[in-house]
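Notes to accompany the following structure.
Keep in mind the model is a prediction, meaning the values are calculated, not measured.
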Amino acid sequence: MNFRSYPIQISLRLLLLLFSMGLLFYLSSQYELIFVNIVMVLVLIGQAIELAYYQQKLLIETRKFLEAVRFGDLSTRFDLARSGKAFAELEQEFSRMLSIIHESKVKGDHRDQILNLILQNLNLGIMLVDEQGHILLTNEKCQELLDIPNFQNWKRLEERLPSLAKVIGNFDFTGRKLWSRENGSGAEEFYLDLQHLQLAGIHYHLLSIGTMRHALEEKEMEAWHRLIRILAHEVMNSVTPVVSLSETLRDMVAQDGKAKKPEDLSEEDLSDMHEALSTIIRRSKGMLSFVEEYRKLSQLPAPEKTVVPLRELFEEVVQLMHKEAESRKVKLSYQLTQNRLAVKADKKMIEQVLINLIKNAFPALEGRENAFIELSAELQNEGVVVYVRDNGEGIDPDLISQIFVPFFSTRKSGTGIGLSLSKNIMKTHQGDLKVQSVPGEGTLFKLCFGEE
């Protein structure tokens with residue numbers, strides 16, 4: 001048994017105190033020994049004081065531990081070991097807990113420093129605002145983009161940038177909004193992304209700010225990288241067999257490093273050479289065709305705009321593509337609710353766009369029952385929108401973002417030019433070509449013409 005443990009020490013002191021009280025009561029009731037009684041009372045008082053001191057020491061050291069935790073003071077030393085093994089173990093636990101708390105605090109500080117470093121180096125403005133309008137955090141990029149100091153209150157920002165505050169309003173939206181600000185060199189466009197967070201019952205608004213110019217540059221660079229990968233793929237596909245066949249031909253007409261004589265070539269050799277040369281010619285023509293398609297894409301002429309009635313345009317396109325649609329068992333038609341609907345455009349170029357979209361739809365309709373392609377149009381607030389709709393197999397969601405990339409094609413026989421060329425044609429008309437598709441249900445292309 002460990003007689004220096006805290007429970008035994010307390011029990012012994014309490015038993016001794018009770019024994020002394022009983023002894024005092026017995027002596028005072030049986031004998032009239034005043035001196036002995038006084039001594040016994042003093043012993044009782046001493047025992048009570050010692051017990052209180054014993055407990056007080058534990059309370060003092062515990063309070064010292066709590067204060068060390070509160071202030072993170074790792075240098076605090078405890079004086080419990082001399083009071084028994086139980087207190088020595090408690091002292092060790094106090095010291096161990098302080099070390100753990102200190103390590104946790106150091107790790108938390110390092111994590112905060114890393115997060116703050118990441119936040120300050122983001123190429124994106126970040127601002128955190130609470131429900132009361134207190135700006136809790138603003139990184140350096142945000143201050144740079146908005147040209148503001150480190151404001152602590154949203155009202156100060158409202159006074160400095162009222163147009164920004166007007167766009168954001170009461171932080172009652174989620175998603176993206178655009179904000180334009182005039183500066184010395186003209187208007188600068190920004191996008192604002194707002195997210196709502198909740199932590200420990202408190203609501204926060206996280207505002208991300210970036211420039212449209214930077215976002216567009218990133219998209220442009222991404223498009224260039226994809227284009228280069230596709231170009232490299234196409235070039236390698238054409239050049240690799242040409243190089244291989246050329247080496248084969250060289251080996252066929254050479255022996256020991258010297259050219260063979262014509263009479264040394266067998267009919268089989270000549271036949272193989274003819275086949276190899278035919279393949280080289282075919283692949284070379286394919287490369288020339290590829291380059292020609294690229295030239296068309298990169299040297300698109302400026303459109304010669306005239307007023308083009310859509311009914312007339314649709315009739316001509318349907319008539320032109322009718323036979324091919326019929327041979328593929330596809331119903332090609334158009335629908336117009338407004339007979340006088342027209343666009344100001346280059347008729348030949350827009351006709352080419354519609355033909356490209358129809359041809360692009362044909363493979364997706366192979367084997368479909370009641371396959372159809374329908375042309376239609378309507379007038380919207382932004383201008384005229386022409387629709388090309390089919391009920392084909394649709395486009396994979398993972399590929400839909402790449403279909404307008406030059407030379408990208410989902411079909412082995414496709415050139416990857418038609419949709420890119422069509423989108424560029426619409427861009428030259430200050431319009432756009434958009435797509436919506438549901439796999440298994442069909443695809444809808446939109447030719448959006450701006451108001452002239």
Worksheet item: So Leu419 and Asn356, side-chain contact (heavy atoms from CB on, under 4.5 Å) or not? Walk me through it.
Response: CA-CA 7 Å; Leu419 290 178; Asn356 288 345; over 6 Å; no
Checking [X] now: which residues fulfil salt bridge (charged side-chain N to carboxylate O under 4.0 Å, His left out) with it, not counting sequence neighbours?
| X | answer |
| --- | --- |
| Glu312 | Lys347 |
| Arg160 | none |
| Lys177 | none |

Practice prompt. Test Ser422 against every option in Asn360, Leu433, Leu354 by the side chain to side chain contact (heavy atoms under 4.5 Å, CB included) rule and name the one that passes.
Written response: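 One option only clears the test, and that one is Leu433.
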Discussion item. Once rounded to the nearest 0.5 Å, what's the spacing between atom OH of Tyr204 and atom CZ of Phe171?
Written reply: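 CZ of Phe171 is found 14.5 Å from OH of Tyr204.
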Worksheet item: Roughly how far apart are Ser327 OG and Phe362 CZ, rounded to 0.5 Å?
Response: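 Here the interatomic distance stands at 7.0 Å.
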Discussion item. Please find the pair of heavy atoms, one from Cys448 and one from Met426, that lie closest to each other, and give the distance.
Written reply: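 Taking Cys448 first and Met426 second, the nearest heavy atoms are O-CE, 3.5 Å.
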Discussion item. Which heavy atom of Pro303 sits nearest to which heavy atom of Thr428, and what is that distance?
Written reply: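 The pair with the smallest heavy-atom distance is CG-O, 3.6 Å.
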Worksheet item: Is the closest side-chain donor-acceptor distance between Asn339 and Arg311 under 3.5 Å?
Response: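 Asn339 vs Arg311: donor-acceptor pair found between side chains.
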Practice prompt. Taking atom types as modelled, find out whether Tyr334 and Glu374 have a side-chain donor-acceptor pair closer than 3.5 angstrom.
Written response: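 Side chains of Tyr334 and Glu374: no pair found under 3.5 Å.
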Fill in: salt bridge (charged side-chain N to carboxylate O under 4.0 Å, His left out) between Glu324 and Arg328, intermediate numbers included
CA-CA 6 Å; Glu324 185 173 355; Arg328 293 175 176 268; 3.5 Å; yes
Worksheet entry | Residues that Tyr387 engages under ring-ring contact (aromatic ring centres under 6.0 Å, His included), provided they are two or more places apart |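 If we apply the ring-ring contact (aromatic ring centres under 6.0 Å, His included) test to Tyr387, skipping adjacent residues, there are no hits.
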Worksheet item: Which residues pass the side-chain hydrogen bond (donor to acceptor under 3.5 Å, both in side chains) test with Ser376, sequence neighbours left out?
Response: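 Partners of Ser376 by the side-chain hydrogen bond (donor to acceptor under 3.5 Å, both in side chains) criterion come out as none, since no residue qualifies.
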Discussion item. Using the side-chain hydrogen bond (donor to acceptor under 3.5 Å, both in side chains) criterion, which residues pair with Asp130? Sequence neighbours excluded.
Written reply: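 Listed in chain order: His134.
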Practice prompt. Could you tell me whether a side-chain N or O of Ser437 sits under 3.5 Å from a main-chain N or O of Ile395, the two making a donor and an acceptor?
Written response: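 Yes.
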Discussion item. Within a 6.0 Å radius of atom CD on Gln132, are there more than 12 heavy atoms belonging to other residues, nucleotides or ligands?
Written reply: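 Atom CD in Gln132 is packed in, count exceeds 12.
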Worksheet item: Hey, is CD on Gln198 packed in by over 12 heavy atoms from elsewhere, all under 6.0 Å?
Response: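 Count over threshold, so yes.
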Worksheet item: What about the rings of His196 and His205, do their centers lie closer together than 6.0 Å?
Response: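 Ring centres of His205 and His196 closer than 6.0 Å.
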Practice prompt. Considering only NZ, NE, NH1 and NH2 on the basic side and carboxylate oxygens on the acidic side, decide whether Lys348 and Glu351 come within less than 4.0 Å.
Written response: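 Looking at Lys348 and Glu351, the cut-off is not met.
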Discussion item. side-chain contact (heavy atoms from CB on, under 4.5 Å) for Ile373 and Leu365? Distances and angles first, verdict last.
Written reply: CA-CA 9 Å; Ile373 301 173; Leu365 291 164; 3.5 Å; yes
